[in-house]
Amino acid sequence: MRGCLKLFNPDPDLRTNLTHIFLAKHNDINMHSRFLDDLPREIRAQIYSYVLAPTGSITPKRTSTGATLWSWPSLFPNEEVNLSLLQTCRQVHDESKDVLWSDNILCFPPRRSIFDPEEDAAFVRSDSHFSRHVRTVELRFTPSPFDLAKVATFLQPLGAWDSGVLREVRFTISGMGTMTMFGELVSVIWQRAMRRRRYPNMKPGVFDSASLFNILRLAGNEETGHLRHLRRRLNIQLGIRLSSNKARREWFSVHKPEDCEETLRELHQSLGGELHMDGVLCYKDGLRLRETFAAWEAESSED
């Protein structure tokens, strides 16, 4: 069995070929028989996942005939998730029908979930198909000003899903220039702290920090947050963890580690739940689990 599992853990090209062969022949009776009779259930489950969850994230898109599901990030040229697997036969359908939801996160990219959330309002209604099946939702965005009224039309229905299936909502800040944007956020937090220390005439930074904090509070406030009853997770993909020591030294020559840590603390207080920085769990349920920036600054001086 171990040999079989190793054989069917292919590289991406072989994985694509397996998927293509299966889907191309799914109307062949002999294919059904050999696939179901010869392969163990565990290996069939892996193949189902390769077909229905190639990247682990899906995003809905409107079309002229309704809506389709696409991989996120997109896998050119096969961006659309091929659902014909579910129509193969009753046994394959019964075995694979839950994979689409158990192995995927429902993801809304920045332009749609934050800047124009009304576009996807139908997908997050409490009576939508997603509300009965989706277990994890991810909202990806960049730290820039938001229209909170529009964002509320997106977050409020998520919090009203009553099927009990949805367990977690993730907020992911990513994209080009994130280090610069986070640096501006740190500067604003620092300036605000300095104003509290009797510098009332200091001008705010170019970054509107209120927007980011407000959207997190809109979701996670302990008394009024729309998602306060769900697990919440903030992912900040800063990139500094993988940066060169030279780049880190330049960063910390402008931004003090203690100011960066204070910014993380305020972000975590706004949303609650978990805060991950470059894939590392830093805060959970109000507790700091590690001192992030001081350690990175120390590492940057090693060479």
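A heavy-atom distance below 4.5 Å is found between the side chains of W101 and V134. The side-chain heavy atoms of N214 and S270, taken from C-beta on, include no pair separated by under 4.5 Å. The shortest distance between side-chain heavy atoms of T172 and Q237 falls below 4.5 Å. Counting heavy atoms from C-beta outward, L267 and L216 have side chains that approach closer than 4.5 Å. Side chains of L227 and F171 form a contact here, defined as non-hydrogen atoms less than 4.5 Å apart. A heavy-atom distance below 4.5 Å is found between the side chains of V137 and F108. Proximity of V165 to R132: side-chain heavy atoms (C-beta onward) are nowhere separated by under 4.5 Å.
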**OP:** Please lay out, stage by stage, how R248 and E299 fare under the test salt bridge (Lys or Arg N to Asp or Glu O under 4.0 Å).
**Re:** CA-CA 9 Å; R248 292 186 186 186; E299 293 175 2; 2.8 Å; yes
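The environment of R41 atom CZ is dense: over 12 non-hydrogen atoms of other residues, nucleotides or ligands sit within 6.0 angstrom.
The two residues E223 and N221 make their nearest non-hydrogen contact at N-OD1, 2.9 Å.
Atom CD in E261 sits 10.5 Å away from atom CG in D259 (nearest 0.5 Å). Between the CZ atom in R265 and the CD atom in E258 there is a gap of 13.5 Å [rounded to 0.5 Å].
Of the charged side-chain nitrogens involved, none lies within less than 4.0 Å of a carboxylate oxygen, so that E42 and R44 do not count as a salt-bridged pair.
Sorted by first then second residue, the salt bridge (charged side-chain N to carboxylate O under 4.0 Å, His left out) pairs that include residues 283-298, not counting sequence neighbours, are E274-K284.
Checked against a 6.0 Å centroid threshold, the rings of W161 and H133 do not count as neighbours.
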